[in-house]
Amino acid sequence: MDRLTLLKFQKDIWQIARQIPAGKVATYGQLATLVKPPATVAADTYKAFAARWVGGAMAACPEDVPWQRVVNSQGKISDRPGSQHQRQLLENEGVVFDAKGKIDLNRFGWKP
DNA sequence: ATTATGACTCCCA
DNA sequence: GTGGGAGCCATAA
């Protein structure tokens with residue numbers, strides 16, 4: 001996976017992420033299935049690691065990407081510095097967290 | 001060149 | 001439903 005391919009991959013991720021409406025969330029794995037896997041990556045490899053690459057893309061995303069609407073497969077916000085802010089942003093958009101800090105993906109999950 | 005680490009997911013206890 | 005380990009890529013040190 002060369003630098004250029006990775007860059008294009010990130011760009012695809014961001015494009016998808018920008019389509020998530022306010023008040024809805026998508027998972028890393030979901031974004032991974034929506035974008036076109038790079039031809040240089042084997043299918044099983046992609047399946048196993050795409051989510052991490054999505055995470056990397058989120059870490060480097062531009063200002064106009066709603067990164068806060070991307071959560072992990074359990075519907076929880078990934079534990080990291082700033083996650084508190086992320087939760088607040090989502091609550092402002094109407095997303096509801098349960099007592100365990102989890103989002104009901106059946107209600108708030110984004111369906112493209 | 002080698003090592004450690006990660007905004008994850010799957011599978012099995 | 002929760003918790004811990006494996007998976008095996010890319011990046012930073």
Side-chain angles (χ1 to χ4, degrees):
Chain A
M1 195 103 173
D2 57 292
R3 190 112 171 56
L4 188 67
T5 306
L6 187 62
L7 211 63
K8 279 196 332 189
F9 178 75
Q10 288 187 333
K11 215 178 55 166
D12 288 342
I13 296 285
W14 297 333
Q15 200 141 42
I16 300 289
R18 273 188 274 256
Q19 296 175 28
I20 307 175
K24 298 280 180 148
V25 298
T27 68
Y28 294 92
Q30 184 177 9
L31 292 186
T33 60
L34 290 175
V35 301
K36 187 165 56 67
T40 59
V41 180
D44 51 348
T45 298
Y46 181 78
K47 182 183 163 195
F49 282 86
R52 290 195 158 187
W53 294 337
V54 173
M58 288 297 106
C61 71
E63 284 292 325
D64 63 332
V65 175
W67 56 270
Q68 72 271 22
R69 304 195 188 116
V70 182
V71 299
N72 63 27
S73 66
Q74 301 180 9
K76 288 196 291 197
I77 294 177
S78 302
D79 187 19
R80 67 180 168 71
S83 58
Q84 207 165 6
H85 180 223
Q86 177 174 7
R87 172 171 175 156
Q88 185 129 42
L89 287 174
L90 289 175
E91 286 178 335
N92 287 344
E93 295 178 351
V95 176
V96 176
F97 293 76
D98 68 10
K100 293 165 194 147
K102 213 155 63 172
I103 300 170
D104 184 358
L105 291 178
N106 289 321
R107 288 208 308 157
F108 299 106
W110 175 53
K111 292 159 190 77

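A straight line from CG of A:L31 to C1' of B:dT9 spans 14 Å, rounded to a whole angstrom. Look at CG on A:N72: it is 13 Å from P on C:dG3, rounded to the nearest Å. Rounded to whole angstrom, the span from the CH2 atom of A:W53 across to the C1' atom of B:dT5 amounts to 16 Å. Regarding A:Q10, its CD atom lies at a distance of 8 Å from the P atom of C:dT11, rounded to whole Å. The CE atom of A:M58 sits 17 Å away from the C1' atom of C:dA10 (whole-angstrom rounding). Rounding to whole angstrom units, OH of residue A:Y46 and P of B:dC8 are separated by 15 Å. Distance A:I13 CD1 to C:dC9 C1': 15 Å, rounded to the nearest Å. In this structure, the CH2 atom of A:W67 is 13 Å from the P atom of B:dC8, given to the nearest Å.
In this model, the phosphate group of B:dA7 is not approached by any side-chain N or O of A:S83 to a distance below 4.0 Å at OP1 or OP2. Note on A:K100: every side-chain N or O is 4.0 Å or more away from OP1 and OP2 of C:dG1. Note on A:K102: every side-chain N or O is 4.0 Å or more away from OP1 and OP2 of C:dG1. Residue A:S73 places at least one side-chain N or O closer than 4.0 Å to OP1 or OP2 of B:dT9.
The side chain of A:F49 lies closest to C:dC8 when the candidates are C:dC8, C:dT11, B:dT9.
Screening A:Q84, A:R87, A:K102 against A:I77 for a side-chain contact (heavy atoms from CB on, under 4.5 Å) leaves a single residue, A:R87.
No hydrogens or angles were tested; on distance alone, a donor-acceptor pair under 3.5 Å links the side chain of A:R52 to the base of C:dG7.
At least one donor-acceptor pair under 3.5 Å links the side chain of A:Q30 to the backbone N or O of A:W110. A donor-acceptor pair is defined here as one N or O able to donate and one able to accept, closer than 3.5 Å; no such pair exists between the side chain of A:Y46 and the backbone of A:P38. Between the side chain of A:Q68 and the backbone N or O of A:Q86, no donor-acceptor pair lies under 3.5 Å.
Salt-bridge formation is not detected for the pair A:D12/A:K36: no Lys NZ or Arg NE/NH1/NH2 atom is positioned less than 4.0 Å from an Asp or Glu carboxylate oxygen.
As judged by a 4.0 angstrom heavy-atom cut-off over every strand, A:L6 is placed among residues touching the sugar-phosphate backbone only.
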